[in-house]
There are 2 protein chains.
Amino acid sequence: MIDGVHNDQVALETQTWSIAELAAEYDVTLRTIRFYEDRGLLNPERRGTVRVYHPRDRVRLGLILRGKRLGFSLDEIATIVDMYDAEPGEEGQLVYLLNQIGTRRAELEQRRRDIDETLRELAEVEHRCQTDLQALRTR
Amino acid sequence: MIDGVHNDQVALETQTWSIAELAAEYDVTLRTIRFYEDRGLLNPERRGTVRVYHPRDRVRLGLILRGKRLGFSLDEIATIVDMYDAEPGEEGQLVYLLNQIGTRRAELEQRRRDIDETLRELAEVEHRCQTDLQALRTR
DNA sequence: ATCATGCTTTACGTTTACGTAAGCGTCAAT
DNA sequence: ATTGACGCTTACGTAAACGTAAAGCATGAT
């Protein structure tokens with residue numbers, strides 16, 4: 001309140017988070033976040049020994065966790081997430097990236113087909129259950 | 001050819017498979033199939049010590065592997081797969097099953113949202129790559 | 001008769017993704 | 001000056017999902 005700016009209203013460029021804040025926001029443990037750093041998935045700034053997370057780090061954490069929800073391994077997630085940050089670079093690099101993207105897309109589309117099929121079958125089982133339940137109750 | 005029936009045309013009720021046949025068909029190792037049995041996911045018939053797989057076992061293996069592709073743990077898969085075989089049973093059992101189905105459905109729908117979002121972002125990155133590639137080549 | 005093939009069990013090894021202390025530094029508040 | 005709150009590193013532990021020998025039966029072919 002010293003300079004007329006509220007505590008929760010910080011200039012966008014300077015917005016940072018502590019490890020505990022990110023952990024709370026994404027509902028993971030501190031250990032998990034440090035582990036991702038260990039595996040090279042995050043590279044927060046250090047002020048002394050303390051980790052300081054910038055918007056870029058926060059976005060990456062979000063991508064990592066979504067990758068996890070999708071069932072990818074951390075190694076796979078590493079290649080995926082790095083694609084977002086990749087600099088234009090040289091032609092070979094770009095072609096490689098495009099191939100990676102193709103592969104990932106194929107995997108994801110297969111997964112979606114699996115999901116849709118499973119949802120259909122769940123609906124079947126559900127219907128069977130409800131039928132059985134009706135039969136039990138009207139008996 | 002003895003009785004006018006081709007070798008690959010067997011009465012449906014008697015169709016069975018060896019462990020190696022199933023392994024080849026689904027591209028998993030024998031170890032994996034035995035492991036699933038160890039975890040109670042499969043219960044093939046035994047003729048002596050040898051495992052004999054019936055259509056029911058084959059279907060279950062398919063379900064298990066699809067569950068794996070979807071990123072579920074074997075424990076989760078166990079509860080899912082058992083839902084398919086569940087007998088009508090009593091009311092409490094049915095209600096429990098319906099709840100499980102609701103949970104699974106919610107999870108799967110979340111996953112599908114994740115997938116769609118990821119696919120959109122992959123398309124973005126791909127577009128960026130292609131733009132960069134064009135820039136490089138027309139230079 | 002023995003050899004290869006296919007199946008079996010038992011059991012220790014491995015990787016992934018963290019959990020869980022243990023022990024210590026730092027800073028603000030009481 | 002001590003107490004928390006929060007953070008750090010180091011390091012051993014663990015559950016999941018198999019891999020990988022090792023060693024042995026059974027059976028059909030040579």
Side-chain angles (χ1 to χ4, degrees), chain A residues 1-2 7 16-54 57-58 60-82 107 111 114, chain B residues 2 7 16-54 57-58 60-82 104 107 111 114:
Chain A
M1 305 276 268
I2 293 171
N7 289 331
T16 61
W17 294 266
S18 74
I19 188 169
E21 286 168 349
L22 278 194
E25 177 175 351
Y26 286 105
D27 194 31
V28 293
T29 67
L30 310 189
R31 176 69 176 90
T32 297
I33 295 181
R34 294 192 193 109
F35 179 72
Y36 292 161
E37 180 177 345
D38 232 53
R39 301 298 303 272
L41 292 168
L42 294 173
N43 276 315
E45 183 198 342
R46 293 288 184 131
R47 286 186 190 151
T49 76
V50 177
R51 293 168 172 85
V52 175
Y53 296 85
H54 293 263
D57 303 307
R58 191 164 157 274
R60 284 181 72 102
L61 181 54
L63 293 174
I64 293 166
L65 295 176
R66 196 175 64 203
K68 285 225 59 190
R69 286 199 299 278
L70 294 176
F72 289 109
S73 77
L74 288 189
D75 273 8
E76 292 170 314
I77 291 172
T79 70
I80 296 173
V81 171
D82 284 340
E107 285 177 28
R111 270 166 211 242
D114 284 338
Chain B
I2 293 172
N7 289 331
T16 61
W17 294 265
S18 75
I19 188 170
E21 285 167 350
L22 278 194
E25 178 175 352
Y26 286 104
D27 195 29
V28 294
T29 66
L30 310 189
R31 177 70 178 86
T32 298
I33 294 181
R34 293 194 193 108
F35 178 71
Y36 292 160
E37 179 176 346
D38 232 54
R39 301 297 304 273
L41 292 168
L42 293 174
N43 277 315
E45 183 198 341
R46 293 288 184 132
R47 287 189 190 150
T49 75
V50 176
R51 293 167 173 85
V52 176
Y53 296 86
H54 292 264
D57 304 307
R58 191 163 157 274
R60 283 182 72 101
L61 181 54
L63 292 173
I64 294 165
L65 295 176
R66 196 175 64 202
K68 286 227 58 191
R69 286 199 299 277
L70 293 176
F72 289 109
S73 76
L74 288 189
D75 274 7
E76 292 169 313
I77 291 172
T79 70
I80 297 173
V81 171
D82 284 339
R104 295 300 161 200
E107 286 177 27
R111 270 165 212 244
D114 284 337

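Protein chains get the first letters and strands the later ones, always in sequence-line order, with residue 1 at the start of each. Quick note: numbers below take in every heavy atom, side chains included, and nothing from hydrogens, waters or symmetry partners.
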Handout entry: Test: A:Arg69 and B:Asp114 ion pair at under 4.0 Å
Key = yes
Exercise for the section: Scan B:Arg46 against the nucleic acid and name what it touches under 4.0 Å (heavy atoms): base, sugar-phosphate only, or nothing. Expected result: sugar-phosphate
Exercise for the section: May I ask you to say whether A:Arg39 pairs ionically with A:Glu37, meaning some side-chain N is under 4.0 Å from a carboxylate O? Expected result: no
Exercise for the section: Please determine if a side-chain N or O atom of B:Thr32 lies less than 4.0 Å away from the OP1 or OP2 oxygen of D:dG19. Expected result: yes
Exercise for the section: Looking at every strand, decide which applies to B:Arg51 at a 4.0 Å heavy-atom threshold: base, sugar-phosphate, or nothing. Expected result: sugar-phosphate
Handout entry: 5' to 3' contact window, DNA chain C with chain A (heavy-atom distance under 4.0 Å)
Key = C:dA17 to C:dT20
Fill in the blank from the handout: Closest heavy-atom pair, A:Thr16 versus A:Glu21, reported as atoms and distance to 0.1 Å, is O-OE1, 4.1 Å
With the criterion being N/O to N/O and under 3.5 Å, what pairs connect the protein with nucleotides 20-22 of chain D, and how long is each?
residue	atom	partner	partner atom	Å
D:dT20	O4	B:Arg31	NE	3.0

Problem - Residues B:Arg60, B:Asp82: salt bridge by 4.0 Å N-O rule - result: yes
Exercise for the section: Please report the shortest heavy-atom distance between A:Asp57 and A:Pro44, naming the atom on each side. Expected result: OD2-CA, 3.9 Å
Completion exercise
Of D:dT9, D:dG7, D:dC18, the nucleotide closest to the side chain of A:Val50 is D:dG7
Exercise for the section: Determine whether B:Tyr26 and B:Ile64 make a side-chain contact, defined as any pair of heavy atoms from C-beta on separated by less than 4.5 Å. Expected result: no
Exercise for the section: Quick one: closest heavy-atom pair of B:Leu42 and B:Leu61, and the distance? Expected result: CD2-N, 4.1 Å
Exercise for the section: Using modelled atom types only, decide if a donor and an acceptor are shared between the side chain of B:Arg46 and the backbone of B:Thr49 within a distance under 3.5 Å. Expected result: yes
